Each structure stands twice: as C-alpha cells, then as structure tokens.
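Encoded as structure tokens, the structure appears first; notes follow it.
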Amino acid sequence: RLAPLRGDTQSYIDHSSRPFFANSKSASIFMEALTNAADVNSNVMIEGELGAGRLHAAQVLHVKSPNKKLPFTIRDVARDSTWPKAGTVVLPNIDSLPHDLQSKLARELTTLPEEVRVIATASPRVVKAVNEGELLASLYYQLAVVVLNLPPLRDRAEDIIPILDHAITSLSKRYRRPKPKLPETMVKQFHQHSW
C-alpha cells in the first residue's frame, strides 16, 4: 500500500495507516460516493474547503481503486513537464490556476494514456469560477466526470475526536512517548470550535 508522493521522488505515503473517518452522516455519504467512484476509471473532481482533507480523500480513492498498485502522483502543473504513463495523478487546487496553465492543461489531458486517472481538487465555488470565466469550462468538464463533495469538518462533528485520537496515537508512536489523555474540557473545545 505504498505509493509515490510526487513525481519521481522517493517519498511515500502509507495509506493503510491514514484511514478516512466517516462516523458522521455527511462523511458516510461522501465515503459511499467515493467508494463507488473508485471502481470507475473516470476523472474525478473532489470539491471541498481548504483543510477539509481533499488530498487525503484522493489518496483513499486511489487505494480503493482496482489500480491501487500503480503510482500515486501529485502533479505541479506549473513545474512538472512530464506525465506518468500509468496510475493516479492528482491536480491540486485546479480553480486557482492562471488561464495560461489552464489552457496548457486542457490540451495535455486530451493526450493522456488510458492507464492514467486524474483526480482534481477544487474549492466549493468551482462552478461559480466556471460561470464567471475564472476557470475554463472545457477544463472543468474534462476533469469533473465524477464530482465528489467533501463536507467540511464543522459538518462532521462525530469525526473530530476520532481524527484527533488517531493523530495523537500516531505521533506518540513516532516519538516513542506515552499517549496523553485528552481532558474533557479540551474535547468540548474541539467540538465547539468553528472549523
């Protein structure tokens, strides 16, 4: 379950140790849609707020797909000149690209091998960006074959403490420290935070 993080580098992410918590109803609905999308080899657009976990959702989608043994690459459209020949390629923050890079990307997408699946991430206002001419409609429709709407953490209150607990457990193991217990007052603060 190890996959390349970026281009030709040797950085890896162990997806098995980074679960997607879906205790809340909104996250469960999202995970069901993501699982269904994983089986279809189409381009995917993951829409969600910054910090909601769009990249993590893309990683989970890759791991659940039949092509999970192929590379997982995060592509920097401005810097990376070549595309992988197979696997999953993530294009982060597609709605923040300048127009010249959007045009270049739209052309490149037409020549990709069938073995390459593209997952783009964007903000929830991506359709508005298309309507206002900030994002090329042709690029959006190439990428948004399947659209997944990732709910923000404030709509996933039941997932907050499991995510936090997982992070604390991982960090405790990494730094060989005893796992601290969260005081109830802190748990309340996490639930009351605006996120």
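Note that the structure is predicted; figures quoted are calculated from it, not measured.
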Could you tell me whether the side chain of [Y] reaches within less than 4.5 Å of the side chain of [X], counting heavy atoms only?
{"X": "V89", "Y": "I119", "result": "no"}
{"X": "V145", "Y": "V44", "result": "no"}
{"X": "V60", "Y": "M31", "result": "yes"}
{"X": "V147", "Y": "E47", "result": "yes"}

Which heavy-atom pair separates T73 from P84 by the least distance, and what is that distance?
->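 What the structure gives for the nearest pair is OG1-CG, 3.8 Å.
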Please walk me through it: do S24 and D159 pass side chain to side chain donor-acceptor pair (under 3.5 Å)?
-> CA-CA 6 Å; S24 64; D159 300 323; 2.8 Å; yes
Please work out which of the three classes, parallel, tilted or perpendicular, describes the rings of F190 and W195, given edges at 30° and 60°.
->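 Taking F190 first and then W195, their aromatic rings lie parallel (interplane angle under 30°).
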Are a donor atom and an acceptor atom from the side chains of N23 and R156 found within less than 3.5 Å of each other?
->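 No, no side-chain donor-acceptor contact under 3.5 Å.
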Strictly by modelled atom types, are D155 and S26 linked by a side-chain donor-acceptor pair under 3.5 Å?
->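 No, S26 and D155 have no side-chain donor paired with an acceptor closer than 3.5 Å.
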Before accepting this row, confirm whether a basic side-chain N of the pair D165/K179 lies closer than 4.0 Å to the acidic partner's carboxylate O.
->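 Yes, D165 and K179 are salt-bridged.
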Would you indicate whether E32, at its atom CD, is surrounded by more than 12 heavy atoms from other residues, nucleotides or ligands within a distance under 6.0 Å?
->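 Not more than 12 within 6.0 Å, no.
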More than 12 foreign heavy atoms under 6.0 Å from NZ of K104: is that the case here?
->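 Enclosed: over 12 neighbouring heavy atoms sit under 6.0 Å from NZ of K104.
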Test salt bridge (charged side-chain N to carboxylate O under 4.0 Å, His left out) applied to R125 and E49, step by step | CA-CA 9 Å; R125 65 171 299 278; E49 296 178 4; over 6 Å; no
Show the numbers, then the answer: is there a side-chain contact (heavy atoms from CB on, under 4.5 Å) between R174 and L171?
-> CA-CA 5 Å; R174 182 187 303 171; L171 290 169; 4.1 Å; yes
Matching residue for T88 among K68, Q59, R117, H62 - test: side-chain hydrogen bond (donor to acceptor under 3.5 Å, both in side chains) =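 Testing each of K68, Q59, R117, H62 against T88, the sole residue satisfying side-chain hydrogen bond (donor to acceptor under 3.5 Å, both in side chains) is H62.
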